[in-house]
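Below is one structure, written out as C-alpha cells; comments come after it.
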Amino acid sequence: MLCTSMFRDAIQKMTGYTPGEQPRLKKVIKLNTNENPYPPSPKVVEAIKQAAAAGLQKYPDPMAGAFRSRAAEVLQKDLPAITPDWILCGNGSDDLLTIITRAIVGEGGVVRYPSPSYILYKTLADIQGATVEVIDYQSDWTLAEDFTRPLEGLRLAFLANPNSPSGTTLSPAEVARLAAALPCPIVVDEAYVDFAETNCLALVADNPRVIVTRTLSKSYGLAGLRFGYCVAQPQVIQQLAKVKDSYNCDALSIAAATAAIDDQAWLADNLAKVLATRERLAAGMRSKGFQVTESEANFVWCTDPSRDLRSLYETLKESGVLVRYMPYPGWPEGIRVSVGTDDQVEALLAML
Ligand SMILES: *Cc1c(COP(=O)(O)O)cnc(C)c1O
C-alpha cells in the first residue's frame, strides 16, 4: 500500500491538473484543445530530419542559442531592445510557467489570477504550497481594481492575454497599467497572441516585473513538439535560468522551433486561414442561437442559457466531435470550440 506520508502536505492535498481529452482515434473531429488544424511548416520536419541525421549522442545546447538568436530578430519589431539574453526557452510554455512559479513563489506565498481562465495556474501554486487568490472577471471580461490591490504575501500574478476560454484581450495600455499598479511581478501568458491584434512584448522594456510567455503549440501548429519561450529583462532571465532543468529542450525540438520561427511566411498564411474560419465559426454558432464572445484567439466561447450544454457536449462527442465543456463555478456554463478546418466547422454546424 502507498505510504502517503512520504509526500509533502501540499502534494497530498492538491488535485492534479487534467488536460483536455486526447483521443487516439483518427476519426474524431478534435475541437477541444486549441491545436492548429494544419500541419506545421515543411521546413520544421526537414530541420528535425537534419538534426537527427547529425547525431543525437551529444547533449543539446542548454540555452537553445540558435532559437534565441532567430527569435530575437523576429521579435524586434515589437520590442526593439530585445537580444537573445532576453529570452528563455522551455519544454512548452507550461514549462516556463512552472519555472517562473518555482523561482518566485515559496510555501505560504499568494498567487493571484483571474477567473474564468487557465486552471494550470492553480496547480502550479498548489505544488509550491502557496495559496491562490482568484479574481473574477467582470461580465465584459475586463478586470476591476481588486486585481491590483496590495495583499500580504502576494508574490505573483498571472494573466492569460488573450484569455481562455473567452478569447478576449486586454489592451497593452491596460496591461501596462495593471502591471504598474500590482505590488508583485506579472506573467502575461500570450499563448494565443499571434491570433490577436496586439501584444504586450513592449511592456517588458519598461517594467522588469513583466514576464511574457509564448508557445509554438498553437499558432505554429507544434503542440506535439513541446516548445515555448518567455521574454523578460536579462537579469530576470538569469534568475529563471537557474531553476530550469539543465537540458529542458532537446536537440530535435530546438532545431524544429528555430525553423518554425524562421518561417514567418508560413505563419502569416496559416493565420489568414485560421482567422477566416474563426469568423465562419463565430457566425455559424450565432446562427444556431449561441451567444459567442468576440474572440482574438483560435477558439470561440459559446454560451446559451436555454440549452443543456453538458448533454450537448456528450451528444457531440458520441457523434465524433469533441469540444470543451467548461463549467466555471459562478459563471454561465459554456463550450469552447477550437477553430478547425472549414470542413470540420461545417460538420459541427451541420450536427447542431
Ligand atoms: C495552451 C496554453 C498554454 C501552454 O502551451 P504549451 O503547449 O505548454 O506551450 C499556456 N497557456 C495557455 C492559456 C494555454 O491555453
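Counting convention: from 1, in listed order, for ligands and their atoms alike.
- Within 4.0 Å of ligand 1, protein heavy atoms come from Gly92, Ser93, Asp94, Tyr118, Asp189, Ala191, Tyr192, Thr215, Ser217, Lys218, Arg226.
- At a cut-off of 3.5 Å, with distance as the only test, a side-chain donor of Thr142 or Asp140 sits close to an acceptor on the other residue.
- The aromatic ring centroids of Phe299 and Tyr192 lie less than 6.0 Å from each other.
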For a quick test of your reading: what N or O donor-acceptor pairs under 3.5 Å do the side chains of residues 323-331 make, sequence neighbours left out?
| residue | atom | partner | partner atom | Å |
| --- | --- | --- | --- | --- |
| Tyr325 | OH | Glu333 | OE1 | 2.5 |
| Tyr328 | OH | Ser117 | O | 3.0 |
| Trp331 | NE1 | Asp136 | OD1 | 3.4 |

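- Here Glu294 pairs with Arg286 under the salt bridge (charged side-chain N to carboxylate O under 4.0 Å, His left out) rule; sequence neighbours left out.
- For the residue pair Pro162 and Glu296, the shortest heavy atom distance occurs at CG-O, 3.6 Å.
- The ring pair (Phe, Tyr, Trp, His ring centres under 6.0 Å) analysis of residues 33-65, with sequence neighbours excluded, yields the pairs Tyr59-Tyr247.
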